[in-house]
Novice: 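Take a look at the following structure, please.
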Amino acid sequence: MSTINDFSGYQPTWCPGCGNWAIGVAVKTALVQLGFDPSSVTAVFGIGCSGNANDFLNCYGFHALHGRAIPAAIGIKIANHKMPVLVLSGDGDSYGEGGNHFLHACRGNHDLTVIIHDNCVYGLTTGQAAPTAKKGYVSKSTPNGIIENPVNPLALALTQGATFVSQAFAGDTPQLIDIIKKAVRHKGFSLVNVLQPCISFNKINTYGYYKEHTYKLDNDYKRDDYRQALEKASELNEEKFPLGVIYEVDRPDFTGELPQLDGEVLTEKKRFTGFDLLIKEFI
Ligand SMILES: Cc1ncc(C[n+]2csc(CCOP(=O)(O)OP(=O)(O)O)c2C)c(N)n1
């Protein structure tokens with residue numbers, strides 16, 4: 001049985017008080033509780049404070065280009081579809097730079113657990129407005145307030161075909177661990193949008209702000225009701241918004257639709273000998 005220490009890499013460099021600390025601990029705890037060890041799971045990271053977790057989490061890992069964590073994860077999943085693949089990325093990384101990849105991964109129901117550190121700012125580059133920042137948000141890149149409306153990650157994932165859509169808060173680690181575990185167990189595209197205070201550069205979306213503006217879904221909430229889930233997602237623009245799994249249904253995932261992936265994984269299939277000869281020329 002693995003322990004949190006087995007999953008611990010270098011000491012994180014996040015600011016003291018940053019919500020990323022709780023997400024880091026929650027991911028490791030969830031992996032331990034699911035019975036994984038570092039060699040039985042892969043995590044793919046984007047660029048940003050969130051992506052820096054590449055150095056802090058010990059398991060198979062890949063640090064992708066900005067906005068490209070999801071396509072790299074899709075490639076890894078297709079190469080070894082029996083390996084659980086997590087994506088750890090920021091709201092700028094996956095709703096901004098990588099927004100196109102995000103929506104197409106939802107469409108394909110790729111079996112990934114996408115954990116977004118949603119702090120409404122570009123943290124690593126010290127505080128420009130990110131896609132989830134509310135209209136009018138003043139930052140060094142938007143001194144007169146951001147003009148665009150915010151991306152609604154939950155509605156985006158739902159309408160593009162994600163089969164597991166959830167929201168958690170970095171200030172509530174037990175619920176975050178529980179949701180991550182459910183998301184990893186789910187077969188298909190899982191979004192965990194984590195509301196993550198950035199204490200250095202976002203003075204609006206603080207721990208207090210999220211405590212005041214969030215509520216937990218009831219135990220009897222029906223997770224397979226698409227219209228109800230859309231209503232819950234639309235509450236992101238209202239006074240109070242939900243925490244919990246707002247949608248979960250079964251639908252074949254991308255690799256499950258590929259007959260050539262029936263049985264053994266690609267990485268274990270015998271290679272075509274002609275290909276081996278070609279490779280030999282380069283080694
Ligand atoms: C192609 C490219 N464009 C811009 C950058 C500069 N850059 C590095 S991190 C970052 C913002 C990351 O923001 P987010 O994804 O929200 O992550 P956070 O740091 O807030 O966790 C940007 C714009 C880059 N590294 N590569």
Side-chain angles (χ1 to χ4, degrees), residues 9-28 43-57 61-74 86-106 112-135 137-143 146-154 156-157 167-171 173 176 180 191-207 209-210 236:
Y10 291 104
Q11 173 71 6
T13 48
W14 293 313
C15 305
C18 171
N20 280 336
W21 289 90
I23 303 175
V25 170
V27 169
K28 290 191 269 189
V44 184
F45 303 84
I47 298 294
C49 297
S50 38
N52 285 352
N54 180 62
D55 295 334
F56 318 145
L57 182 68
F62 187 87
H63 204 166
L65 292 174
H66 202 16
R68 304 298 180 261
I70 287 177
I74 288 175
L86 275 60
V87 172
L88 283 103
S89 164
D91 53 311
D93 195 61
S94 278
Y95 303 146
E97 278 80 355
N100 53 344
H101 296 296
F102 181 86
L103 73 91
H104 293 293
C106 293
L112 308 173
T113 303
V114 178
I115 301 171
I116 303 292
H117 303 221
D118 181 1
N119 55 13
C120 306
V121 287
Y122 285 4
L124 193 69
T125 44
T126 71
Q128 300 80 10
T132 49
K134 282 246 161 76
K135 188 173 168 68
Y137 180 80
V138 174
S139 71
K140 52 180 78 165
S141 61
T142 55
I146 186 166
I147 294 167
E148 294 97 329
N149 287 316
V151 164
N152 182 325
L154 307 178
L156 179 64
Q167 182 156 261
F169 170 40
T173 323
L176 176 57
I180 293 174
L191 170 66
V192 185
N193 189 63
V194 189
L195 305 172
Q196 176 236 320
C198 166
I199 47 114
S200 296
F201 301 111
N202 186 336
K203 305 296 180 195
I204 307 245
N205 303 97
T206 59
Y207 287 95
Y209 172 89
Y210 284 126
L236 270 186

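The analysis underlying the following values was restricted to heavy atoms, covering all of them including side chains, and did not include hydrogens, waters or symmetry mates. Whatever order the structure lists ligands and atoms in, that order sets their numbers, starting from 1.
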Novice: What protein heavy atom lies closest to atom 5 (C) of ligand 1? Include the residue and the distance to one decimal.
Specialist: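 Protein heavy atom with the smallest distance to atom 5 (C) of ligand 1: His66 CD2, 3.6 Å.
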Novice: Determine the interplanar angle of the Trp14 and His117 rings, folded into 0 to 90°, and report it as parallel if under 30°, tilted if 30 to 60°, perpendicular if over 60°.
Specialist: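 Plane angle between 30° and 60°, so tilted.
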Novice: Do you see a donor-acceptor pair shorter than 3.5 Å between the side chains of Asn119 and Asn202?
Specialist: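 Side chains of Asn119 and Asn202: no pair found under 3.5 Å.
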Novice: What protein heavy atom sits nearest atom 17 (O) of ligand 1, and how far away is it?
Specialist: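 Checking every protein heavy atom, the shortest distance to atom 17 (O) of ligand 1 gives Ser50 OG, 3.7 Å.
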Novice: Closest approach of Ile147 and Lys135, non-hydrogen atoms and distance?
Specialist: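 Looks like O-NZ, 2.6 Å.
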Novice: Find all atoms of ligand 1 within a distance of less than 4.0 Å from any non-hydrogen atom belonging to Gly92, and give their numbers and elements.
Specialist: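 Taking each heavy atom of Gly92 in turn, ligand 1 has 14 (P), 15 (O), 16 (O) under 4.0 Å.
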Novice: Is atom OH of Tyr209 surrounded by more than 12 heavy atoms (other residues, nucleotides or ligands) closer than 6.0 Å?
Specialist: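 Yes, enclosed.
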Novice: Can you spot which of Leu236, Ile116, Leu191 makes a side chain to side chain contact (heavy atoms under 4.5 Å, CB included) with Gln167?
Specialist: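 By the side chain to side chain contact (heavy atoms under 4.5 Å, CB included) criterion, Gln167 pairs with just one of Leu236, Ile116, Leu191: Leu236.
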Novice: Minimum distance, heavy atoms only, to atom 12 (C) of ligand 1: which one of Ile47, Asp93, Thr125 is it?
Specialist: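 Shortest heavy-atom distance from atom 12 (C) of ligand 1: Ile47.
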Novice: Please could you name the atoms of ligand 1 that Val121 approaches to less than 4.0 Å, counting only its heavy atoms?
Specialist: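 Counting atoms of ligand 1 from 1, those under 4.0 Å from Val121 are 16 (O), 20 (O).
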Novice: Going by distance only, is there an N or O of Glu97 that falls short of 3.5 Å from an N or O of ligand 1?
Specialist: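 In this structure, Glu97 places no N or O atom under 3.5 Å from an N or O of ligand 1.
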Novice: Do Thr132 and Pro153 touch side chain to side chain, with heavy atoms closer than 4.5 Å?
Specialist: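 A side-chain contact under 4.5 Å exists here.
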Novice: At a 4.0 Å threshold, what atoms of ligand 1 neighbour a non-hydrogen atom of Cys49?
Specialist: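 Listed by number with element: 18 (P), 19 (O), 21 (O).
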Novice: Mind checking whether Asn20 contacts ligand 1 via backbone (N, CA, C, O), side chain (CB onward), both or neither, at a 4.0 Å heavy-atom cut-off?
Specialist: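 It is neither part, as no heavy atom is under 4.0 Å.
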Novice: For Gly123, counting its heavy atoms only, list the atoms of ligand 1 lying under 4.0 Å from any of them.
Specialist: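 Numbered from 1, ligand 1 contributes 18 (P), 19 (O), 20 (O).
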Novice: Please work out whether the ring planes of Tyr207 and Phe169 are parallel, tilted or perpendicular, with thresholds of 30° and 60°.
Specialist: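 Rings of Tyr207 and Phe169: tilted, as their planes differ by 30° to 60°.
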Novice: Consider side chain to side chain contact (heavy atoms under 4.5 Å, CB included). Of Leu156, Asp93, Val151, which one does Phe102 pass it with?
Specialist: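 Checked Leu156, Asp93, Val151 against Phe102; only one passes side chain to side chain contact (heavy atoms under 4.5 Å, CB included): Leu156.
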Novice: Looking at Leu124, which atoms of ligand 1 are within less than 4.0 Å of one of its heavy atoms?
Specialist: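 Selected atoms, number and element: 9 (S), 19 (O).
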Novice: Where's the contact between Ala130 and ligand 1, heavy-atom distance under 4.0 Å: side chain, backbone, both or neither?
Specialist: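 Near ligand 1, Ala130 shows nothing, with every heavy atom at 4.0 Å or more.
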